[in-house]
*Asks:* 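Provided herewith is a single structure, encoded as structure tokens, for subsequent inquiry.
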Amino acid sequence: MSCLRVDEVYSYLEGELSSGATRMIEDHLDSCPRCREAVEERRILAHAADSLPRLEAPSDFSQRVMAAIFPAKILLLSWLGGLGFWLSSVLLFLTVFLMTTGRDGVRFLFHLNENLWAALKNAALFFARLAALLSAFSTLLEQIGEGLLKTASAVTGLPGAPVAFLVLGLTILFLFGLIFGAGKRYLFGEKP
Amino acid sequence: MDDDNELVRRTLRGEKRAFEMIIRKYEQPILNYIGRMVGERETASDFSQEVFLKVYASLSSFRPQFKFSTWIFKIASNYLIDHWRKRKLPTVSLDHPAGGGEDNQPLQVACAEPSVVRKLEMAELRKRIETALEKIPLHLKELFIWRHVNGLSYEEMAEIKSIPIGTIKNRVFLAKEMIRRIIEEEA
């Protein structure tokens, strides 16, 4: 057998050859130091290549990928965290304010509390009066509406008040359109 | 039933946990492959994450008659091809077709002189291999990494690259010979 080709060397090293071919190569290696050296050199290289250091995956790798695919919903705790941040900011501001102005903190807080309650009471009164006003206005609108419907029924002579109101309304709209269109033509020279 | 196919099926049914299991199973092999290809740990981690995002997005197109591991490596390889293409590398790209000149050249064993490889300590030899890997064409480097770092078979590599097994073997042998020659020359 002639000296080995490189592909024969690697196929032999990787056990890819038939038993017959393997035997022939081993017989050749027994008598050929050159090929024996070539095989051994490549065996060492393959072993070194197989034992190259591996990269360690970061411990949170899978979590990061999952977070990118399935973004986490904002939890209630996040809202509480945000609220806590703002509350602590207000407290910090108050503390700095009291320290720089030299005010008595307790007295300041009582004064603030009294003002706050007074403001709340005034606000409650305001909204109560507004509600009463809206209620009265609503009653007035109701009465006006009833009056209009009765008038429409009387004018058109139609039995149903809503139908009468509709007919009257459309008639008025038609007259407006006619007058306005005529006005545009004669006053501005535009076609209606 | 194949574990991977079962995990894919469960993921497609909406089980997030199943996909997390897929990630845990393949994060190391993919990171090793991409890490060796790009050479930077942080970049390799980012790229690997992108690969898994693509895997998830493409899961519905996976055909169970194929091996899931080769499918993931195909996605990773294509991702790197796009990456190198955007960088407009002047060297031979990963997407090297079969039938190139190197596939047909006869490989001869070098003259029997005392080999440098035999004289080096194993740790030093590994470092020399890593350095030499940076000097060989990307498409050969990829196959070398798949063979020796990921332990893929020639059949698996042929399936990933859609290249005949004979061509794959020849290229792996060529990669090894190039690395050996580089180590010899730099001794």
Side-chain angles (χ1 to χ4, degrees), chain A residues 1-18 21-22 24-73, chain B residues 16-17 19-24 27-36 41 44-45 48-53 55-57 106-118 120 122-126 128-130 133 144-145 147-149 151 154 169-170 172-174 176-177 179-180 183:
Chain A
M1 185 183 178
S2 58
C3 282
L4 302 176
R5 294 191 316 270
V6 169
D7 58 314
E8 287 176 324
V9 170
Y10 286 119
S11 296
Y12 166 70
L13 284 172
E14 292 176 2
E16 302 254 318
L17 298 174
S18 65
T22 302
M24 277 179 63
I25 286 178
E26 283 172 349
D27 287 342
H28 177 76
L29 290 177
D30 284 340
S31 59
C32 181
R34 181 169 169 260
C35 287
R36 210 162 42 239
E37 177 61 29
V39 166
E40 193 52 33
E41 181 190 356
R42 285 155 180 85
R43 190 196 307 274
I44 293 169
L45 260 175
H47 176 64
D50 286 341
S51 57
L52 285 175
R54 305 311 196 235
L55 280 179
E56 280 295 321
S59 57
D60 63 341
F61 182 84
S62 60
Q63 284 99 307
R64 277 195 263 158
V65 176
M66 293 300 284
I69 298 172
F70 309 106
K73 290 177 189 164
Chain B
K16 295 177 192 176
R17 179 94 185 110
F19 190 69
E20 193 173 353
M21 290 170 72
I22 289 174
I23 297 170
R24 284 185 192 277
E27 62 184 10
Q28 199 63 63
I30 293 295
L31 193 63
N32 280 332
Y33 160 56
I34 294 180
R36 285 282 166 203
R41 188 189 167 81
S45 182
S48 300
Q49 284 187 42
E50 289 295 320
V51 165
F52 280 105
L53 294 182
V55 166
Y56 182 77
L107 303 171
Q108 296 298 328
V109 175
C111 296
E113 289 176 6
S115 165
V116 169
V117 169
R118 291 269 241 159
L120 292 171
M122 190 54 67
E124 179 61 27
L125 187 53
R126 285 190 207 110
R128 299 278 182 107
I129 291 173
E130 286 175 334
L133 266 175
F144 182 90
I145 290 166
R147 184 68 182 165
H148 288 287
V149 176
Y154 292 119
K169 279 187 182 178
N170 231 20
V172 171
F173 299 159
L174 180 59
K176 293 185 194 192
E177 284 303 294
I179 287 170
R180 193 191 64 80
I183 292 172

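In the text below, chain A, chain B and the rest are named by the order of the sequence lines, each starting its count at 1. Hydrogens, waters and symmetry mates play no part in the numbers below; they use all other heavy atoms, side chains included.
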*Asks:* If you measure from the Lys or Arg side-chain nitrogens to the Asp or Glu carboxylate oxygens, is any gap between B:R147 and A:E14 under 4.0 Å?
*Replies:* yes
*Asks:* Give the minimum heavy-atom separation between B:N32 and A:L55, together with the two atoms involved.
*Replies:* OD1-N, 2.8 Å
*Asks:* Looking at every non-hydrogen atom in both residues, tell me the closest pair between B:L53 and A:A68 and how far apart they are.
*Replies:* CD2-CB, 3.8 Å
*Asks:* Is it the side chain or the backbone of B:I129 that comes within 4.5 Å of chain A heavy atoms, both, or neither?
*Replies:* side chain
*Asks:* Under the 3.5 angstrom rule, does the side chain of A:R54 hit a backbone N or O of B:V149 as a donor-acceptor pair?
*Replies:* yes
*Asks:* Can you classify the ring geometry of B:Y56 versus A:F70 as parallel (below 30°), tilted (30 to 60°) or perpendicular (above 60°)?
*Replies:* perpendicular
*Asks:* If you round to the nearest 0.5 Å, how far is CD of B:Q49 from CD1 of A:I69?
*Replies:* 9.5 Å
*Asks:* Measuring only between side-chain heavy atoms, which start at C-beta, is A:R64 closer than 4.5 Å to B:F52?
*Replies:* no
*Asks:* List the atom of A:L45, the atom of B:I183, and the distance in Å for their closest heavy-atom pair.
*Replies:* CD2-CD1, 3.9 Å
*Asks:* Let's test your reading of the structure: which of B:R128, B:E130, B:R24, B:E20 forms the most heavy-atom pairs below 4.5 Å with chain A?
*Replies:* B:E20
*Asks:* What pair of heavy atoms forms the shortest contact from A:S62 to B:E27, and how long is it?
*Replies:* N-OE1, 3.8 Å
*Asks:* Counting distance only, does the side-chain N/O of B:R41 pair as donor-acceptor with the main-chain N or O of A:E56 below 3.5 Å?
*Replies:* yes
*Asks:* For the atom pair OH (A:Y10) and CG (B:N170), what is the distance rounded to the nearest 0.5 Å?
*Replies:* 11.5 Å
*Asks:* Taking the side chain as everything from C-beta on, heavy atoms only, tell me whether A:R42 gets closer than 4.5 Å to B:K176.
*Replies:* no
*Asks:* Could you pull out all donor-acceptor pairs under 3.5 Å where a side-chain atom in residues 46-53 of chain A meets a protein atom, sequence neighbours excluded?
*Replies:*
{"residue": "A:D50", "atom": "OD1", "partner": "B:H148", "partner atom": "ND1", "Å": "2.6"}
{"residue": "A:S51", "atom": "OG", "partner": "A:H47", "partner atom": "O", "Å": "3.0"}
{"residue": "A:S51", "atom": "OG", "partner": "A:A48", "partner atom": "O", "Å": "3.1"}
{"residue": "A:S51", "atom": "OG", "partner": "B:R126", "partner atom": "NE", "Å": "2.9"}
{"residue": "A:S51", "atom": "OG", "partner": "B:R126", "partner atom": "NH2", "Å": "3.4"}

*Asks:* Got A:V65 and B:S48 here, is their nearest side-chain heavy-atom distance under 4.5 Å?
*Replies:* no
*Asks:* Could I get the full list of side chain to side chain donor-acceptor pair (under 3.5 Å) partners for A:Q63, not counting sequence neighbours?
*Replies:* none
